[in-house]
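Reading through the structure tokens given below for one structure.
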There are 2 protein chains.
Amino acid sequence: MKRTRYKEIETLLKVKIQHGVLKVGDYLPSENELCTNFSITRTTVRKALDNLLKEGYIEKKHGKGSLVKERRHSLGLLNVKGFSEAVGMNVNTIFLQEPAKREWSTTTSFRPSENELKANSLHFEQLRCVGDDPVMLENNWFADLELKNIIGQEFVEGSFFKTLSQKYLIEVTGSEQELRAEYADERTAGYLKIEPGTPILHISVKFHTNKSNLNIYSELYCNTMKYPIGNSYHL
Amino acid sequence: MKRTRYKEIETLLKVKIQHGVLKVGDYLPSENELCTNFSITRTTVRKALDNLLKEGYIEKKHGKGSLVKERRHSLGLLNVKGFSEAVGMNVNTIFLQEPAKREWSTTTSFRPSENELKANSLHFEQLRCVGDDPVMLENNWFADLELKNIIGQEFVEGSFFKTLSQKYLIEVTGSEQELRAEYADERTAGYLKIEPGTPILHISVKFHTNKSNLNIYSELYCNTMKYPIGNSYHL
DNA sequence: AATTTTGGCTTGTACGTACAAGTGGATCTT
DNA sequence: AAGATCCACTTGTACGTACAAGCCAAAATT
């Protein structure tokens, strides 16, 4: 991943927000202050702020400033990253199947490319809990191409995507999703502690990354009774 | 809505794409060509293209150009606009309840503000069909504040959002959503032609607009068996 | 005292310039 | 003929400038 000035500012501010240095409702330094503080032009500052806006971290008020926004308290922003970045603090993740070489699933909505299918597939399965409530069963596949030592390694802060970003400089650049309401099958229901046949939200995702041959295919099964899936979008 | 140069170019290109003048896979004129054609600077052109990128109309290739992208053929891009703009051609909309003054719903996920609750509520209900298959039941509420004559009037191309944009210069600036898998109740199941108790996808949306006191509250009930809800996101 | 005006801050739009970096065909060299 | 180089094109990043427009409090006017 190429380092750029705007990305520097962007991640720096994002970290400050994530760590609570900048709290919800706080105004960011004005664009001109950021310019002088970091010795960059307003064009670059605005590019960084635009990205934060797009990802829902801030809100901009014409004539006033940019302020830190309340991130969705439900399981928000699935269109940006994975689960553990989206939710607040009290999220526990349990590995049902540790990362290992396994067959490509034949039931994913998004079909891997021929090149990916030729390669081996790495897979892992997690159960996501809010407190003690299991709310999401998650399966992930990706081609075993460029990620040396990813199996056997602990994930950074429990997040696969943070690991990709920090250890391999791989960033998610986009995603496609398909959403379906389905009956829970027995296995899924068991892990989610619900009756088989209960409606669950099935989300199929293909994450695109800046490595053109690396995509992550995820199948998520969510119990939305207590914790609906959230999403937001701002121009 | 304020008219800006970049919005001009943006809508002009968008219309060309929507009307098929620019087809999927076609390259747009280069940024420099657009500059000279419209007598604007590259900064402005890029702002317009960024918006098209964000809304999923185009794809950019470094060193090559911008090309028109395949829009998702499933019921895509709910985070941007409403239904009839998101899907292709063969969508039929049936009014179950024409726009009229009705009570605010007490069951919406997103609570209208005090100011909105004080005002009267306008409501309408639609059934969305792909061909002959009913796929989505849609209820919409919004405060009766600034939209003179909107009841009794035909929607532009059947779309409420297009009507807002073209007749009232109101644009959607963002949205919040909550997604749940639920059992279909009898009424919903009847209209969607499914058995009561079948899982359906319930989407609650609050659309924000450039009129700060105008939000649109929608409750959508989708039969995702045949047509899953699609979504995509690109940096 | 109440109202209007002003001025200084903020973000929004738009101008123009320069160079980096990816792409691909034409040209030159071996 | 095959390969390497070059060049003209594309988009990406970053610089700098100017003014419009929204917000708000202090100052001037009524």
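Letters A, B, ... are given to chains in the order of the sequence lines, protein chains preceding strands, and every chain is numbered from 1. This structure is a prediction, so every number in the text was calculated from the model and none was measured.
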ask   = Between C:dT10 and A:Ser30, is there an OP1 or OP2 to side-chain N/O distance shorter than 4.0 Å?
value = yes
key: Whole-Å gap separating C1' (D:dC9) and OH (B:Tyr27)   = 13 Å
inquiry  = Any heavy-atom pair between the side chains of B:Tyr57 and B:Leu13 that's under 4.5 Å?
reply    = no
query = Quick one: is B:Lys61 getting a side-chain N or O under 4.0 Å of the D:dT11 phosphate, OP1 or OP2?
reply = no
request  = Calculate the interatomic distance between B:Asn51 atom CG and C:dG12 atom C1'; express it in whole Å.
outcome  = 13 Å
note = Partner of B:Phe160 under ring pair (Phe, Tyr, Trp, His ring centres under 6.0 Å), picked from B:Trp141, B:Phe95, B:Phe142, is B:Phe142
request  = Name the closest nucleotide to the A:Lys60 side chain, picking from C:dG12, D:dG12, D:dT10.
outcome  = C:dG12
task = Would you please confirm or rule out a distance under 4.0 Å between OP1 or OP2 of D:dC24 and any side-chain N or O of A:Lys64?
result = yes
query = From D:dT10, C:dT13, D:dT13, pick the nucleotide closest to the side chain of B:Glu33?
reply = D:dT10
message = In this structure, how many angstroms lie between the P atom of D:dA21 and the CZ atom of B:Arg3, rounded?
response = 14 Å
inquiry  = What is the separation between atom CD on A:Glu31 and atom P on D:dC19, rounded to the nearest whole Å?
reply    = 19 Å
task = Flag yes if more than 12 heavy atoms outside A:Arg102 fall under 6.0 Å of its CZ atom; otherwise flag no.
result = yes
ask   = After noting the C-alpha distance and the side-chain angles of A:Lys60 and A:Glu31, does the key distance pass the salt bridge (Lys or Arg N to Asp or Glu O under 4.0 Å) rule?
value = CA-CA 11 Å; A:Lys60 305 197 79 177; A:Glu31 295 177 355; 2.8 Å; yes
query = Given D:dT13, is OP1 or OP2 found less than 4.0 Å from the side-chain N or O atoms of A:Lys47?
reply = yes
query = Could you state the interatomic distance from NE2 (A:His123) to CH2 (A:Trp104), rounded to the nearest 0.5 Å?
reply = 11.0 Å
task = Measure from CD1 on A:Ile9 to P on D:dT13 and round the result to the nearest Å.
result = 14 Å
request  = Would you mind telling me which residue lines up with the more 5' stretch of DNA chain D, A:Thr41 or A:Gly63, judged by nearest nucleotide?
outcome  = A:Thr41
inquiry  = Any side-chain N or O of A:Tyr6 below 4.0 angstrom from OP1/OP2 of D:dA14?
reply    = no
task = Between D:dT11, C:dC15, C:dT11, spot the one nearest the side chain of B:Arg42, thanks.
result = D:dT11
task = Please state whether the phosphate of C:dA14, meaning OP1 or OP2, lies under 4.0 angstrom from any side-chain nitrogen or oxygen of B:Thr44.
result = no
query = Counting side-chain heavy atoms from CB outward, which of D:dT11, C:dA14, C:dG12 is closest to B:Arg5?
reply = C:dA14
query = Is B:Thr43 near enough to C:dG16 that one of its side-chain N or O atoms lies under 4.0 angstrom from OP1 or OP2?
reply = no
request  = Mind calculating the distance between CZ (A:Arg46) and P (D:dT13) to the nearest angstrom?
outcome  = 17 Å
inquiry  = Expressed as a whole number of angstroms, how long is the span from A:Asn32:CG to C:dT11:P?
reply    = 7 Å
Atom pair distance, as rounded to whole Å: CG in B:Leu49 and C1' in D:dG12 = 13 Å
